[in-house]
*Asks:* 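Sharing a structure, written as structure tokens. Questions coming.
Residues take their numbers from the sequence shown, with the count starting at 1.
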Amino acid sequence: MAIIDVLVILFGLLMGSFLNVCIYRVPKGRSVIFPSSACPKCGAGIRPWYNIPVVGYLVLRGRCSRCKEPISVVYPLVEILTAALFYAAYLKFDLDPPFYLALVLFSLLLALTFIDLFDRLLPNIFTLGGALFGFLLAPLQADIYFAGDPFLPPPDSLLTAYLHSAVGVLLGGGVLWLVAGLYQLLRKIEGMGMGDIKMMAMVGAFLGWRYAWMTIFLGSLLGAIIGSLYIYVRGKGQRYELPFGTFLAAGAILAALWGPQLLAWYLRLLSPQQ
């Protein structure tokens, strides 16, 4: 393994440690900078060497050094997932500009995944902030996700690249907004929150409308399969609120890493060789 591979993984672990702070504090409206990390049970400050990603958890054997209360396995899991996704982005894009945008997108998606899972929230700072970031830097990855669009002009200029991203925002969030409106109209209950809609606008800003729609399809498929199994195993009612944003995030990661290949495969199915 080359030195750059190691550095990418280490950076992913460090970023995962910061995402843990965001996942815990942002829903509570707390600063992600101050104060320093502490045990949520007894309030004891965490010593710097125990903050080393994954290693600190293993050294502590998953328990607080003072009160001995268990530390959630989510902390090392987030760190490992972040490192794995960063490395996957490196393998796909090398160190070209799309690599850096992928790091931002994956970080946003991981934070949203676990915040929605635990708090049923999708904070605006990640969804709307991410949408703005994805739109402003859209030209850096136009050749990856915007090329080959059958309805929009080629993204070979700043103007057309921003056009693709803007359409992605409108159609990415717009599809869920329409579905949510129709569901509420027909069932007289809210079936989807605005957070999911804003999240899909963010995905559309990064990936364009085609891969935003792919995200919705993949997220819905994952939600139907995994959610149904969870509801069945845990004996939850039919109206149990599933964290749809978590499944959308998984779909967006799949679309970001393998979307062009999945789309090409699907188009081949629609037009088989004679």
Side-chain angles (χ1 to χ4, degrees), residues 1-26 31-38 45-62 65 71-115 125-126 129-146 161 202-203 205-207 211 215 246 249-261:
M1 181 176 286
I3 185 64
I4 187 63
D5 298 70
V6 175
L7 291 175
V8 168
I9 292 172
L10 288 177
F11 180 64
L13 291 171
L14 291 172
M15 188 63 195
S17 181
F18 175 69
L19 289 180
N20 277 321
V21 177
C22 295
I23 291 165
Y24 181 76
R25 295 189 183 186
V26 168
S31 169
V32 298
I33 301 175
F34 300 106
S36 57
S37 298
I46 299 177
R47 296 172 182 175
W49 50 88
Y50 290 147
N51 262 327
I52 300 173
V54 181
V55 174
Y57 182 86
L58 295 176
V59 170
L60 290 170
R61 297 182 180 178
S65 60
I71 300 171
S72 174
V73 73
V74 168
Y75 290 102
L77 176 62
V78 169
E79 292 163 355
I80 292 170
L81 283 175
T82 308
L85 288 177
F86 279 24
Y87 190 61
Y90 169 67
L91 293 178
K92 182 175 180 65
F93 300 117
D94 199 16
L95 295 179
D96 294 331
F99 166 72
Y100 302 100
L101 267 71
L103 300 193
V104 175
L105 177 60
F106 290 162
S107 297
L108 291 168
L109 292 171
L110 280 173
L112 290 167
T113 291
F114 288 93
I115 291 175
I125 192 172
F126 295 129
L132 178 61
F133 187 92
F135 173 75
L136 292 176
L137 297 183
L140 296 181
Q141 58 181 11
D143 292 339
I144 304 296
Y145 300 111
F146 302 158
M202 179 199 78
V203 173
F206 277 92
L207 305 182
Y211 300 110
T215 294
T246 296
I253 289 170
L254 293 173
L257 288 175
W258 297 290
Q261 293 89 332

*Asks:* Got a sec, which residues hit side-chain contact (heavy atoms from CB on, under 4.5 Å) with Ser36, two or more places apart in sequence or on another chain?
*Replies:*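 side-chain contact (heavy atoms from CB on, under 4.5 Å) list for Ser36, sorted by chain: empty.
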*Asks:* Using atom types as modelled, flag every donor-acceptor pair under 3.5 Å from a side chain in residues 91-99 to any protein atom, sequence neighbours excluded.
*Replies:*
residue, atom, partner, partner atom, Å
Lys92, NZ, Leu257, O, 2.9

*Asks:* What pairs with Phe133 under ring-ring contact (aromatic ring centres under 6.0 Å, His included), at least two apart in sequence or on another chain?
*Replies:*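 Phe133 satisfies ring-ring contact (aromatic ring centres under 6.0 Å, His included) with no other residue.
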*Asks:* List the atom of Ala131, the atom of Ala205, and the distance in Å for their closest heavy-atom pair.
*Replies:*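 Closest heavy-atom pair between Ala131 and Ala205: O-CB, 3.4 Å.
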*Asks:* Which value, rounded to the nearest 0.5 Å, describes the distance between Leu85 atom CG and Ser107 atom OG?
*Replies:* 9.0 Å
*Asks:* Do Val54 and Ile80 have side chains that get closer than 4.5 Å, going by heavy atoms?
*Replies:*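 Touching, per the 4.5 Å side-chain cut-off.
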*Asks:* Minimum heavy-atom separation for Pro260 to Ile144, with atom names?
*Replies:*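 That closest heavy-atom pairing would be CG-O, 4.0 Å.
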*Asks:* Please name the pair of heavy atoms, one in Ala161 and one in Ala138, separated by the smallest distance, quoted to 0.1 Å.
*Replies:*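 Looking at all heavy atoms of both residues, the shortest contact is O-CB, 4.2 Å.
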*Asks:* Do the side chains of Leu105 and Leu207 get nearer than 4.5 Å, heavy atoms only?
*Replies:* yes
*Asks:* Should we say atom CZ of Arg25 is surrounded by more than 12 heavy atoms from elsewhere, each under 6.0 Å from it?
*Replies:* yes
*Asks:* Excluding sequence neighbours, so at least two apart, what forms side-chain contact (heavy atoms from CB on, under 4.5 Å) with Phe18?
*Replies:*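 Listed in chain order: Met15, Cys22, Val32.
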*Asks:* Do you know which two heavy atoms are closest between Ser37 and Val21, and how far apart they sit?
*Replies:*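 Where Ser37 meets Val21 most closely, the heavy atoms are OG-CG2, 4.3 Å.
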*Asks:* If you round to the nearest 0.5 Å, how far is CD1 of Ile71 from CD1 of Ile46?
*Replies:* 6.5 Å
*Asks:* Output, in order, the C-alpha distance, side-chain angles, deciding distance and verdict of side chain to side chain contact (heavy atoms under 4.5 Å, CB included) for Phe206 and Leu108.
*Replies:* CA-CA 11 Å; Phe206 277 92; Leu108 291 168; 4.2 Å; yes
*Asks:* Answer whether the closest heavy-atom distance between the side chains of Val26 and Phe126 falls below 4.5 Å.
*Replies:* yes
*Asks:* Taking ring-ring contact (aromatic ring centres under 6.0 Å, His included) as the definition, give me every residue that meets it alongside Phe11, ordered by chain and number, with sequence neighbours left out.
*Replies:* Phe86
*Asks:* What residues form a side-chain contact (heavy atoms from CB on, under 4.5 Å) with Leu7, not counting sequence neighbours?
*Replies:*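 Residues passing side-chain contact (heavy atoms from CB on, under 4.5 Å) with Leu7: Ile3.
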*Asks:* Return yes when atom CD1 of Ile125 has more than 12 non-hydrogen atoms of other residues, nucleotides or ligands closer than 6.0 Å, and no otherwise.
*Replies:*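 It does not: Ile125 CD1 has 12 such atoms or fewer within range.
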*Asks:* Quick one: which of Leu81, Leu19, Asn20 gives a side chain to side chain contact (heavy atoms under 4.5 Å, CB included) with Phe114?
*Replies:*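 That would be Leu81; it is the only one of Leu81, Leu19, Asn20 passing the side chain to side chain contact (heavy atoms under 4.5 Å, CB included) with Phe114.
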*Asks:* Kindly give the heavy-atom pair with the smallest separation between Val78 and Gly16, and that separation in Å.
*Replies:*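 The pair with the smallest heavy-atom distance is CG1-O, 3.6 Å.
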*Asks:* Which pair of heavy atoms, one from Leu103 and one from Ala89, lies closest together, and at what distance?
*Replies:* CD2-CB, 4.3 Å
*Asks:* Under the side chain to side chain contact (heavy atoms under 4.5 Å, CB included) criterion, do Thr82 and Phe106 qualify, and how do the steps go?
*Replies:* CA-CA 8 Å; Thr82 308; Phe106 290 162; over 6 Å; no
*Asks:* Would you say the side chain of Leu140 lies within less than 4.5 Å of the side chain of Tyr100, judging by non-hydrogen atoms?
*Replies:*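 No. Closest side-chain heavy atoms not under 4.5 Å.
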*Asks:* Please round to the nearest 0.5 Å and tell me the distance separating atom CD of Glu79 and atom CG of Leu14.
*Replies:*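 If we round to the nearest 0.5 Å, Glu79:CD and Leu14:CG are 9.0 Å apart.
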*Asks:* Hey, is the main chain of Ala256 close enough, under 3.5 Å, to the side chain of Tyr145 for a donor-acceptor pair?
*Replies:*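 Flag set: sc Tyr145 to bb Ala256 pair under 3.5 Å.
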